[in-house]
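Below is one structure, written out as C-alpha cells; comments come after it.
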Amino acid sequence: MHEIVDRDEPIERGVWTRDEAIAFYRAKDEPFKIELVEAIPEGETMSYYTQGGFIDLCRGPHLPSTGRAGHAFKLMKVAGAYWRGDSNRPMLQRIYGTAWLTEKDLGQYLTMLEEAEKRDHRKLGRQLDFFHLQEEAAGSVFWHPKGWTLYREIEMYMRRRLSDAHYSEVKTPQLIDRSLWEASGHWDKFGENMFTAATTEDKTLALKPMNCPGHVQIYRQGVKSYRDLPLRMAEFGSCHRNEPSGALHGIMRVRAFTQDDAHIFCTEEQINSESVEFCNLLQDIYKDFGFEDIHVKFSDRPEVRAGDDATWDKAETALRDATNAAGLETLLNPGEGAFYGPKLEFVLRDAIGRDWQCGTLQVDFVLPERLDAEYVGEDGNRYRPVMLHRAILGSLERWIGILIEQYSGRMPAWLSPVQLVVAAITDSTHDYAKQVHTAALVAGMRAELDTRNEKIGYKIREHSTAKVPFILAVGGREAEAGTVALRRLGSDKQEIIHLDEVMAILADESLPPDQRRSKA
RNA sequence: GCUGCUAUAGCUCCAGCGGUAGAGCGCACCCUUGGUAAGGGUGAGGUCGCGUGUUCGAAUCACGCUAGCAGCACCA
C-alpha cells in the first residue's frame, strides 16, 4: 500500500450504464459485483473509479490521486464477514485498517488502544483476583472471594433500591418442564439455545433462559384484583442460555448469568407512569455507579408482530412519553422491537469501544395472553394485565465487567472488595496494627492486616497495585501517639489521623451512595 | 455457529522448527526490622491444551477435538 501511495497514481471517475457494468463483471466472473449491479434499477448509470490497473464501482467521491492518502495508516486485522450480513450466505474476507491525517495522530490512536487494553476486564479480573474462567465451564464464571464480595455488594444495593421502589422479590425454579416453554412461545423461537435435562420419566426439563414464565406462574396463584396492580415482581434470576461459541466474551457475554429481572403487571393505563418511574429509577442507579452517559435505543414495532396497531400505538406512545419525562434522549432502532412489544435498550460502552446492552424495558401484551394471566376489574369482569419486562443492570456479570473497565479496576470504596489494609512497618508494631485492624472491622469495613516480613514500600506498592482505596501504615510513631498514617489510592500524600477519628471518616466514605443519602 | 489466528511454569512471555525446555514476577525457606510504589540469598515448580497417527524417538510433523482471541452472524 505504501508503494501505491508513493506511485501517486491518478484516480479517475467514469460512468457505466447498468448493462455495461454487468458485461464488465460477467467477463471478469465476479458474481458478487454482478449481484450488486443487478440490484440497481434498469436504465440507471453508476460511477466507477480507476487507479493504475485497478477498477471498481464506487459512488465516490475519491481523492484525486493515491499520493494524497499519505502514510498515516495501519492495517489492523483480518476477519470473515458474511456477504450482505446474512449467515446463510458465503463469507468474504474483510481487512480492517485505520487511517489518520498525520502519523502522529495514528501513533496517538494506537497508544490509546494500548491503554484501553489495560482496562480490559478479562485482564483486570485475573489481576485483581475477582474471578476466573476455564475450559471445562466455558461461558460460566468462577467467582473468587474478592469478586463475589463485589457481586454481593451490588446485589445488596439493588435489593435496597428495589424494596424502596415497592418491588417484592421472588425466586423461581431453575428447571421447568418444556411444556411451559412451549406455551410461552420460547421453545419455538429459542429452543435451540436452551439447555435441557432428560429425566427418568419421559419428560424434558429446560434450564430456564429467562424468568418471565416463572413470574407469571406466581402471579396466577390466587385471583388478582385491579387493586393489586401494579404488581412489581423482582428476581435475581439465574439464567442459562446456550450462546453460540463465537459470541462468548469474558464475563460480558456468558452462558450462565444472573439478571436483575422484574416484571410489572399493570393495566394499560398504568404503562406510562410505571415506565416513567422505571426510567427515573434506572437513571438514578446508573448515576450511583458513575454512569452519566447512557445511550438509549428505542426499538419500535417489527414487521412480524403480535397485537393490533391500536395496542402498539398505545405501547409506543407510553414508552416514548416515559423516556421524555425521564429526560432521556433516544436513538430510534426501527423495526427492532420484540414481537410482543416495543423495547428500550440502555447501552453502555466498554474500554475498547464496544457497546453492550445493560438495562431494558419492554412492553408485553402477548405473554399474559399465552400464559393466561388475568385480574378482576372494578366492574367484576376479567381482564388481561400488561407485563413490563425490565432490568436495570441487565446481567450482574456484564455489569461487573463494564464497571471494571469504567474504573480501570479502581473501584469506588463502597464496591472495593478490600476497602482498607493495615500495614505494619516493623514487628514491634504488630500488636498495635492488630488493634487498628480490629477497629476497622468493628467500624464495618472490609479490612485486611498485613504483618508480613516486608518493607513498608513493598507493601504500599503491592496494595496500591491491588487497588485498595485506603492503606493505613502504622509504625512506632503511630503506636506511640495512637494515630495512623493514611494513604489514599492515587495519592502519595500521608494524612496522620487519630485512631479514634479515622474509622468514622473512612467508614463514611465507604458507605454505598444510597445509604449515605439516607444518613444525610 | 462461520472465517482467520493462538494455546509452553500460578501470571507475563522468550528459546526450541524430530533427540523431553528458559527468564522475570509470584511461591517456599534463610538473612534482613526496614517509614510510603519492588532489600538480599537459596530453592521448589512444566508428561509444552487434549486425543489419534507417522517415527527408533513428537513440544516440534499430519489429522481430529477443546478452549481462547479478532471480526461476522446471533442475543428472548
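Residue numbers begin at 1 in each chain, while the letters A, B, ... track the order of the sequences.
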Using a cut-off of strictly less than 4.0 Å between a heavy atom of the residue and any atom of RNA chain B, enumerate the qualifying residues of residues 126-135 of chain A by number. A/Arg126, A/Glu135
Less than 4.0 angstrom from a charged side-chain N to a carboxylate O is my criterion; do A/Arg122 and A/Asp120 meet it? yes
For the pair A/Gln134 and A/His132, evaluate side-chain hydrogen bond (donor to acceptor under 3.5 Å, both in side chains) and give the outcome as yes or no after the intermediate values. CA-CA 7 Å; A/Gln134 72 182 51; A/His132 86 268; 2.9 Å; yes
Say you pick atom C1' in B/G43 and the same atom in B/U6; how far apart are they, in whole Å? 33 Å
SB check A/Arg488 A/Glu509 (cutoff 4.0 Å): yes
Between A/His144 and A/Phe131, ring centroids under 6.0 Å: no
In Watson-Crick or G-U wobble terms, both distances under 3.5 Å, what is the partner of B/U12? B/A23
B/G34: pairing nucleotide in any strand, Watson-Crick or G-U under 3.5 angstrom: none
Looking only at atom P, what distance separates B/G4 and B/A9, rounded to whole Å? 27 Å
Have a look at A/Glu478 and say if it touches a base, only the backbone sugar-phosphate, or nothing, with a 4.0 Å heavy-atom cut-off. base
Regarding B/U33, can its base be found pairing with the side chain of A/Asp427 as donor and acceptor, where the two atoms are less than 3.5 Å apart? yes
Distance check, C1' atoms only: B/U54 and B/G64, in whole angstrom units. 15 Å
How about A/Lys343 and A/Thr360: does a side-chain donor come under 3.5 Å of a side-chain acceptor? no
Using a distance-only test with no angle check, is there a side-chain donor-acceptor pair under 3.5 angstrom linking A/Asn193 and A/Asn242? no
Which part of the nucleic acid, if any, lies within contact of A/Thr465, taking any heavy atom under 4.0 Å across all strands shown: a base, the sugar-phosphate backbone alone, or nothing? base
Determine the Euclidean distance between corresponding C1' atoms of B/A58 and B/G18; express it in Å to zero decimal places. 7 Å
For the side chain of A/Ile456, counting heavy atoms from C-beta on, which of B/U36, B/G39, B/A37 is nearest? B/U36
Could you tell me whether A/Trp356 and A/His295 have their ring centroids closer than 6.0 angstrom? no
How about A/Thr311 and A/Asp308: do any of their side-chain heavy atoms sit closer than 4.5 Å? yes
A/Arg487 or A/Tyr458, whichever maps to the more 5' nucleotide of RNA chain B: A/Tyr458
Please list, for nucleotides 40-45 of chain B, all pairs of protein and nucleotide N/O atoms separated by less than 3.5 Å.
none

With rounding to the closest Å, how many angstrom separate the C1' atoms on B/G24 and B/U60? 25 Å
In the structure shown, which nucleotide is the Watson-Crick or G-U wobble counterpart of B/A59, with both distances under 3.5 Å? none
Report yes or no: is the cationic atom of A/Arg320 (NZ for Lys, CZ for Arg) closer than 6.0 Å to the six-membered ring centre of A/Phe298, at no more than 45° off its axis? yes
How about A/Leu205 and A/Ile176: do any of their side-chain heavy atoms sit closer than 4.5 Å? no
For nucleotides B/G46 and B/U12, find the distance between their C1' atoms and express it as a whole number of Å. 16 Å
Between A/Gln362 and A/Tyr340, do the side chains contain an N or O donor and an N or O acceptor separated by less than 3.5 Å? yes
Using the P atom as the point on both nucleotides, what is the distance between B/C31 and B/A37, in whole Å? 27 Å
Once you apply a heavy-atom cut-off of 4.0 Å, does A/Glu462 come out as touching a base, just sugar-phosphate, or nothing? nothing
Within the 4.0 Å limit for protein heavy atoms, which parts of nucleotides 69-76 of chain B are touched? Write it as a string from 5' to 3', B for base, S for sugar-phosphate only, - for none. SSBBBBBB
Return yes if the base of B/G34 and the side-chain atoms of A/Asn453 contain a donor-acceptor N/O pair under 3.5 Å, otherwise no. yes
In whole angstrom, give the distance that lies between atom CZ of A/Arg255 and atom P of B/U66. 11 Å
Given the C1' atoms of B/G22 and B/G16, what is the spacing between them in whole Å? 10 Å
Do A/Leu367 and A/Asp364 come close enough that some side-chain heavy atom pair is under 4.5 Å? yes
